[in-house]
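Working notes for the structure below.
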There are 2 protein chains.
Amino acid sequence: MARSDTRFREAYNRLLDYCATLGPDAAVPAESKLGEIANVSRTVVRRCLSRMEDKALIRWDGREKRLLRAPNDRDRMAQPDQAGASDDLEQRFLEWILKFDVPANTTLSVAELSRNFGVPQHELKEFLAGLSRFGLVTRRKQGGWMLLGFTRSFAVELSDFRTVLELNAISHAVEAPVDHPFWGRLEESRAAHLALLERIDTDFHEFSKLDEAFHMAINSVVKNRFVAEFQKVISLIFHYHYLWDKTHEKIRNGAAIEEHLAIIDALEARDEAAALAATRRHLKTSKTTLLSSLRYHDLV
Amino acid sequence: MARSDTRFREAYNRLLDYCATLGPDAAVPAESKLGEIANVSRTVVRRCLSRMEDKALIRWDGREKRLLRAPNDRDRMAQPDQAGASDDLEQRFLEWILKFDVPANTTLSVAELSRNFGVPQHELKEFLAGLSRFGLVTRRKQGGWMLLGFTRSFAVELSDFRTVLELNAISHAVEAPVDHPFWGRLEESRAAHLALLERIDTDFHEFSKLDEAFHMAINSVVKNRFVAEFQKVISLIFHYHYLWDKTHEKIRNGAAIEEHLAIIDALEARDEAAALAATRRHLKTSKTTLLSSLRYHDLV
DNA sequence: TTTATTGTATTGAATTATTAAAAACCATTG
DNA sequence: CAATGGTTTTTAATAATTCAATACAATAAA
């Protein structure tokens, strides 16, 4: 009928745990102290104390608070389990779009999404509002939301944007000091690439993971919140598209490994021009792949 | 107690207007037709018809709908006026932050903002959710929102990101075909710059407008929804910061004009390297100015 | 007094409930 | 059977409700 009292329930159990550490008949600390312990406001603490008094766990009169008995398991409050459903909403949402190939210009029903993802409606609305900043969805005049991507133009613009960010990252990377952890990650990545190349005939689908790690390593050099925010979306989209598009996967991945290695070589030689050229080449291939995987469904 | 019936009221008035164009005793078209006319669903149309029947404007029996008399002004429904308050919320919000120098790590109260900006709470929540994508605000664990920017690191990262986007735009611009409208805008911009340079001693604060137009012209060459979305925020922030920071404004603006002209020259000469260098120089100055304007309040 | 603590009131935000509107579905008429 | 109207179901906007945080006043301890 109103907001949940999860906070109270959690705090109550945490305070029980704390009381268990106290000796029998011990004095219970001040409300504000308890608030710090349970990381909640005094209001919640008082509600907890109130309940503890009811349950004959403590005697409470003004600032005189005494523990009457040690708390046991039956004192604990039950938690309505709906663990972290809204945590990885973004991940799951994009996954859903790409996995089920949800077409562009589909109207999204907040109510339906809310049911399917097990997330309250208002959270979904906020989430969609956030996505609209990336031009992936938009508000309809009659109310409600509409999925804009994945059109061809969306993919093109996303690829171009990715290229801009990644080339910038490369420029930063060649300038990175020798003791930057990035170089270590790069060497690891090279080894992993070479190892996969050996057994590419059988394990070619392992490339997807390598690819993500590789690009993340490069972008890790750039410490920029705007870039990071976009990178999350970009990598997710490219990642899943590679997973779903099964055409010529083996050849494609083999070629991509070579392209990656070329970039690594140029980076380690501190040759910016060569690294940029290699990256351009690689991202061009990427873009082509992404576009060809859209060819069939996208008529917009 | 629930959603407003603005849609119904607007539709009713629009249908009155439509009925006024009909002759006396005319047949009123089908519900779905009326829905198209007023751009609403049949549900709303039926509510309108129902009311029109009550007011003895029409006779309504199944598909037999007849206009009984011409509608007059007293038939119209009053509109609770709250015209387009939420339209330029973004503009007004950022303006507020910069104008009043709202410090970083300020907790934002949705209720208060809602009152001050005259926008329903849920719209504000969605808006803030959108801004959080740009790292300008974030959710607090205890609920509510917190303003993150304008810290020094935010300004640095924003400037860097702007540089990345703008250099990319320059690269695109030199490649633009001769008949691209951009070249016209650039020439206009050059003329305006030269004109302002003549009377810089008195009209130096006019530069802010010029600056915005200049950068918008350059970025107009890049057709990319992600870039466009960011550019909106970036230009707004830089724009206002220039407005508020009054130190050495005349000298600063004079120098900036020269820098702009250098970029224009290089662009029109189709000299990419020179254009990039000039832009780098200009954006570096920009960044320095932005940072020095923060010097005083920012201790984070 | 001064300071720490509690008691109380006010304000804010998460979440539900309610109503307007849209959409889907079925019935009927010409 | 096609177009239109009646009815039901579903969705989304928004206010109301309740939990929680915070501000402030009162009081006891130092």
Side-chain angles (χ1 to χ4, degrees), chain A residues 1-12 27-36 38-50 60-65 80 82 86 107-115 119-126 128 139-146, chain B residues 1-12 27-36 38-50 60-65 80 82 86 107-115 119-126 128 139-146:
Chain A
M1 219 172 289
R3 71 186 287 183
S4 61
D5 56 357
T6 321
R7 222 167 152 67
F8 159 63
R9 299 171 107 87
E10 276 177 12
Y12 188 79
V28 178
E31 291 173 5
S32 42
K33 212 81 192 164
L34 293 174
E36 277 175 41
N39 201 31
V40 292
S41 72
R42 269 185 55 219
T43 310
V44 177
V45 170
R46 301 189 104 241
R47 234 185 116 183
C48 291
L49 289 175
S50 204
W60 184 23
D61 181 40
R63 15 199 108 179
E64 183 65 13
K65 298 188 286 288
Q82 37 161 339
S86 43
T107 53
L108 301 173
S109 146
V110 173
E112 194 184 333
L113 292 175
S114 164
R115 278 193 300 270
V119 165
Q121 293 201 9
H122 58 96
E123 269 185 45
L124 247 152
K125 275 173 63 176
E126 286 183 18
L128 290 176
R139 226 181 223 308
R140 294 195 318 154
K141 318 102 229 172
Q142 310 104 314
W145 297 87
M146 184 164 118
Chain B
M1 212 177 298
R3 70 186 288 183
S4 60
D5 56 357
T6 321
R7 221 168 152 67
F8 159 62
R9 299 171 106 86
E10 277 177 14
Y12 188 80
V28 178
E31 291 173 5
S32 42
K33 213 79 190 167
L34 293 173
E36 277 174 43
N39 201 31
V40 291
S41 73
R42 268 185 55 219
T43 312
V44 178
V45 170
R46 301 189 103 240
R47 235 184 114 183
C48 292
L49 289 174
S50 203
W60 185 23
D61 182 39
R63 16 197 106 178
E64 182 65 12
K65 297 187 287 289
Q82 39 161 336
S86 43
T107 52
L108 300 173
S109 145
V110 172
E112 195 184 332
L113 292 174
S114 165
R115 280 194 298 271
V119 166
Q121 293 201 8
H122 58 97
E123 270 184 44
L124 247 153
K125 275 173 63 176
E126 285 182 18
L128 289 176
R139 228 178 222 308
R140 294 196 318 154
K141 318 103 229 172
Q142 310 103 316
W145 296 87
M146 183 162 116

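Residue numbers begin at 1 in each chain, while the letters A, B, ... track the order of the sequences.
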Q. Contact class for B:W60 (heavy atom, under 4.0 Å): base, sugar-phosphate, or nothing?
A. sugar-phosphate
Q: Please state how far atom CD in B:E112 lies from atom C1' in C:dT11, giving the value in whole angstrom units.
A: 10 Å
Q: With sequence neighbours excluded, tell me which residues meet side chain to side chain contact (heavy atoms under 4.5 Å, CB included) with B:R42.
A: B:E31, B:S32, B:R46
Q. Between C:dA4 and A:K33, is there an OP1 or OP2 to side-chain N/O distance shorter than 4.0 Å?
A. no
Q: Please figure out whether B:P29 or B:E126 has its closest DNA chain D nucleotide nearer the 5' end.
A: B:P29
Q: Classify the nucleic acid contact of A:L108 as base, sugar-phosphate or nothing, counting any heavy atom under 4.0 Å across all strands shown.
A: sugar-phosphate
Q: Heavy atoms under 4.0 Å is the rule here; annotate nucleotides 19-29 of chain D 5' to 3' with B where the base is hit, S where only the sugar-phosphate is, and - elsewhere.
A: BSBBB---BB-
Q. CD of A:Q121 versus C1' of C:dA17: gap in Å, rounded?
A. 12 Å
(Q) My understanding is that only residues two or more places apart in sequence, or in another chain, count here; which of them pass side chain to side chain contact (heavy atoms under 4.5 Å, CB included) with A:R9? (A) A:D5, A:M77, A:Q79, A:P80
Q: Rounded to the nearest angstrom, tell me the gap between atom CZ in B:R115 and atom C1' in C:dA13.
A: 12 Å
Q.
Can you give me the closest heavy-atom contact between A:A11 and A:V44, atom names plus distance?
A. CB-CG1, 3.8 Å
Q. Atom NZ of B:K125 to atom C1' of C:dA13: distance rounded to whole Å?
A. 7 Å
Q. B:S109 and B:E112: which non-hydrogen atoms are nearest, and at how many Å?
A. OG-N, 2.9 Å
Q: Identify which nucleotide among C:dG7, D:dT11, C:dA13 has an atom closest to any side-chain atom of B:S109, counting heavy atoms from C-beta outward.
A: C:dA13
Q: Tell me whether the guanidinium CZ or amine NZ of A:R140 lies under 6.0 angstrom from the six-membered ring centre of A:W145 and within 45° of its axis.
A: no
Q) Tell me: CG of B:L124 to C1' of C:dA14, nearest whole Å? A) 16 Å
